[in-house]
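Below, all heavy atoms of this structure are taken into account, side chains as well, without hydrogens, waters or symmetry copies.
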Amino acid sequence: MDVMGDKATLYETGRFVQPSDRDGAVEGAEEAAEEVRRRLAAEAGDVEAMSVLGAMLLRRGDLDGAEPQLRAATAAGDRAAANNLGVLLHQRGYADEAAGWWRIAAVAGSAPAAHALGRHHRERGDEPAAEYWLQQSAEQGHALGAYALADLLEHRGDAGAARWMRAAAERGHREAAYRLARALDRQTPAEGGDGPDNGVSQAAEAEQWYRQAAARGHRRAALHLGAILEKRGELKEAGRWYLTSAKDGEARAACALGFLLRDAGDTESAAVWWLRAAQEGDGNAANALGALHAERGETQTAERWYRAAMDAGDVNGAYNLGLLCAEQGRTAQAEQWYRRAAYAGHREAANALAILLLQVGDATGAEPWFSKAAEAGSVDAAFNLGILFAGRGEDDVALRWYERAAAAGHTEAALQVGMARLRDGDEQAAERHLRCAAGGGSAEAAYRLATVLDARRPPAPAHELGESVHLSKTECEEWYERAASQGHRRAQVRVGMLAAGRGDVVEAARWYREAAEAGSRNGAFNLGLLLAREGSEPEAAVWWTRAADAGHGRAALRLALVYARRGELAEGQRWADRAVSLGPEEVSERAARLRDALREELSA
């Protein structure tokens, strides 16, 4: 992420000039001179000067000096002075007397006085009077009056609130702009509106109002604007708004900025902002700090932050504590924290608790937690329920849970549904689910899908080994290769066979060897066949021995024949005996005949 500029950086660019002490002194001297001029004019009886001088003193907090000036100007009919006199009296605690002067100013047409009078009536519960005076202020274009009127109407559920909230926002009221943006956000459908552009236009308008409020220093607007930009991928600008909001004290923005920095690879800076947010009570940031320390192996610090998250009301803290305890083998404590989070509605904690109970043999206790988690939307829990019911032999119930998890994108569940459909003979449905699982990265699904497609292929013409034949790969071969590249041994053997069928000895040997070295007895047997045909019978015998030791009957028969040809009759008889016991039937029959012949030869 690019560096997000702060105030100091902006001063350095020269775009913003930092006021010097001399500038401040000049400004203060000018203000003092203006006050002297106004005071002289007021003493000479200038009503406007009295009003302005009173306002200057009021802003400064000099209530004793301001009051006589404002009272004199008010007596002479100055409505601004009447409004300011009301403000002064309100500050002194004389609310009713303040309201009297505000009424005088409001009747004379002062929009600020009408706003103040409306607020006064609302504080006393007189909503009709409040609405009347606030409307007088709002209709004169007073932004504060429009906002206060909108707030009053919104509290009552009046549809007219939106009009005045918009009016206040258009007149520059930052809270009105923020609330208008939030209202538009709530109205924006998740996938667009009823019309093709409705949702998009509302989202764009909401962003515009967030931007206006944020530019005026509204920290929550800056947070929401940052979230919109981050979702759109405009991370640099999102970071700037998060930074602005975080510096103004918005903990959620500090937390979000931390995640943005972490994703950019700056974990140390992320931790600084998470710490700031966590210290201000943000549970999400506390969890992030806990995870960071857990990754570093600092389990005690991680546990402290997870507890802080929990204390901040973030249920993820209890769940993360459960995970931490489970990783350390503290099963009883893990169960305690999982239960706490699960009872608070944390679905993944419910799933984890069920798994923990299942591991200690409490399937009865696990099932309701799996169900609770699955009903709350946990895809893993739905899949685990499928496993649970399948283990009990309740295949129909298991399939329903597998289908539910598969519909939510669970790869292994899709594989299970695909295999069930294959058993039922519904090849079309099986293929659909296998494609989903294979696309999700399941090597077994890729292999099963390849076998389905392979069965539909017309037989390929035979080729001699070593003959170079260039044919485009079929879809089934591509799926076999995908499974093989993920380490699926049967797929590796099948890819080797297909390569051998094309006459590509080198490719076939590579895949057979990879499967054999991973423990595939078929791979070892086929590699032996390939080597024998290439004239490397001694090496072939090594791989056949590995296959036979793993229970491959044909490999044992091949070894019996090899040793018989070498004249090592006893060793040949031993492998023939092994082939008889391993099978299959035709192998056993051939091996029995060979064994008997070798026995006769040995006894002759």
Applying side chain to side chain contact (heavy atoms under 4.5 Å, CB included) to Y402 and L415, what does each step give before you reach the verdict?
CA-CA 9 Å; Y402 284 145; L415 169 62; over 6 Å; no
Derivation of the side chain to side chain contact (heavy atoms under 4.5 Å, CB included) call for L385 and E367
CA-CA 7 Å; L385 272 174; E367 184 182 339; 4.3 Å; yes
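- For the residue pair W337 / Q333, no side-chain donor-acceptor distance below 3.5 Å is found, with atom types taken as modelled.
- Panel note: side chain E427, backbone V452; no donor-acceptor pair is recorded below 3.5 Å.
- Comment: E375 engages R404 in a salt bridge, judged by a side-chain N to carboxylate O separation of less than 4.0 angstrom.
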If you apply the rule salt bridge (charged side-chain N to carboxylate O under 4.0 Å, His left out), what do you find for R122 with E131, and how did you get there?
CA-CA 8 Å; R122 187 177 182 188; E131 182 180 351; over 6 Å; no
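- Between Y242 and E250, the side chains place no donor N or O within less than 3.5 Å of an acceptor N or O (distance only, hydrogens not considered).
- With 3.5 Å as the limit, one finds a donor-acceptor pair spanning the side chains of E139 and Q135.
- In this structure, N287 and G317 approach most closely via the heavy-atom pair OD1-CA, 3.4 Å.
- Side chain of W274 to backbone of C255: a donor-acceptor contact under 3.5 angstrom is found.
- Looking only at atom types and distance, the side chain of N384 has a donor-acceptor partner in the side chain of N351 under 3.5 Å away.
- For the pair W101 and R79, the minimum side-chain heavy-atom distance is 4.5 Å or more.
- When all heavy atoms of L117 and R103 are compared, the closest pair comes out as CD2-CA, 3.7 Å.
- The CZ atom of R240 sits 10.5 Å away from the CG atom of L225 when rounded to the nearest 0.5 Å.
- A donor-acceptor pair is defined here as one N or O able to donate and one able to accept, closer than 3.5 Å; no such pair exists between the side chain of R347 and the backbone of A374.
- Judged by distance alone, with hydrogens and angles left aside, the side-chain atoms of S137 form a donor-acceptor pair with the main-chain N or O of A111 at under 3.5 Å.
- Put simply, the side chain of T474 does not reach to within 4.5 Å of the side chain of L453, judged on heavy atoms.
- Side-chain N or O atoms of D424 include none that pairs as donor or acceptor with a backbone N or O of D426 at under 3.5 Å.
- Checked against the 6.0 Å centroid threshold, H90 and W102 count as a close aromatic pair.
- With hydrogens and angles left out, the side-chain atoms of R482 and Y447 include no donor and acceptor closer than 3.5 Å.
- Between A113 and N83 the shortest heavy-atom distance is CA-OD1, 3.2 Å.
- In this structure, Y343 and W369 have perpendicular ring planes: the angle between them is above 60°, well past the 30° mark.
- If you take OG1 on T411 and NE2 on H433, they are separated by 12.0 Å, rounding to the nearest 0.5 Å.
- Using a 4.5 Å heavy-atom cutoff, the side chains of E127 and R156 are in contact.
- In terms of heavy-atom proximity, A246 sits nearest to A253 at N-CB, 3.7 Å.
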Go through the steps to decide whether Y147 and R179 satisfy the test side chain to side chain contact (heavy atoms under 4.5 Å, CB included), and finish with yes or no.
CA-CA 10 Å; Y147 174 72; R179 286 176 64 172; 2.8 Å; yes
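- Using a 4.5 Å heavy-atom cutoff, the side chains of F370 and L358 are in contact.
- Taking the six-membered ring where tryptophan is involved, the planes of Y338 and Y319 are tilted, since the angle between them lies from 30° to 60°.
- The minimum heavy-atom distance linking N84 with A55 is given by the pair ND2-CB, 3.7 Å.
- Counting non-hydrogen atoms of neighbouring residues, nucleotides and ligands closer than 6.0 angstrom, the CZ atom of R340 reaches no more than 12 such neighbours.
- Side-chain contact between W241 and R211: present, with at least one pair of heavy atoms (C-beta onward) separated by less than 4.5 Å.
- Defined by atom type and a distance below 3.5 Å, a donor-acceptor pair is missing between the side-chain atoms of Y306 and N316.
- A salt bridge links R166 with E205; the closest basic N to acidic carboxylate O contact falls under 4.0 Å.
- At least one donor-acceptor pair closer than 3.5 Å links the side chain of R219 to the backbone N or O of D248.
- Here the side chain of S485 pairs a donor or acceptor atom with the backbone of E481 at under 3.5 angstrom.
- Checked by atom type and distance alone, the side chain of S442 never pairs as donor or acceptor with a backbone atom of A438 at under 3.5 Å.
- Other residues, nucleotides and ligands place no more than 12 heavy atoms under 6.0 Å from the CZ atom of R119.
- No more than 12 heavy atoms of other residues, nucleotides or ligands shown are found within 6.0 angstrom of CD on Q428.
- Side-chain contact annotation: Y210 with R182, donor-acceptor N/O pair under 3.5 Å present.
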Show, in sequence, the C-alpha distance, side-chain angles and deciding distance for L275 and V272, and conclude whether the side chain to side chain contact (heavy atoms under 4.5 Å, CB included) test is met.
CA-CA 5 Å; L275 178 61; V272 170; 5.8 Å; no
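- Between H346 and V315 the shortest heavy-atom distance is CD2-CG1, 3.7 Å.
- Contact check for H155 versus L152: no side-chain heavy atoms found under the 4.5 Å cut-off.
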Please report the C-alpha distance between K236 and E230 in whole Å, then the side-chain angles of each, then the deciding distance to 0.1 Å, and finally whether the salt bridge (charged side-chain N to carboxylate O under 4.0 Å, His left out) criterion is met.
CA-CA 8 Å; K236 183 178 177 181; E230 182 182 1; over 6 Å; no
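- At distances below 3.5 Å, at least one donor-acceptor pair connects side-chain atoms of Q140 with backbone N or O atoms of Q136.
- Using a 4.0 Å cut-off between charged side-chain N and carboxylate O, E268 and R262 make no salt bridge.
- Considering CD of E327 and CG of L323, their distance stands at 6.5 Å, rounded to 0.5 Å.
- Here the side chains of L289 and R304 are not in contact, with every heavy-atom distance at 4.5 Å or above.
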Stepwise, does the salt bridge (charged side-chain N to carboxylate O under 4.0 Å, His left out) test hold for R448 with E431?
CA-CA 9 Å; R448 299 269 180 174; E431 181 182 342; over 6 Å; no
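- For the pair E207 and R232, the minimum side-chain heavy-atom distance is below 4.5 Å.
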Check step by step if salt bridge (charged side-chain N to carboxylate O under 4.0 Å, His left out) holds for R276 and D282.
CA-CA 9 Å; R276 182 167 175 171; D282 189 283; over 6 Å; no
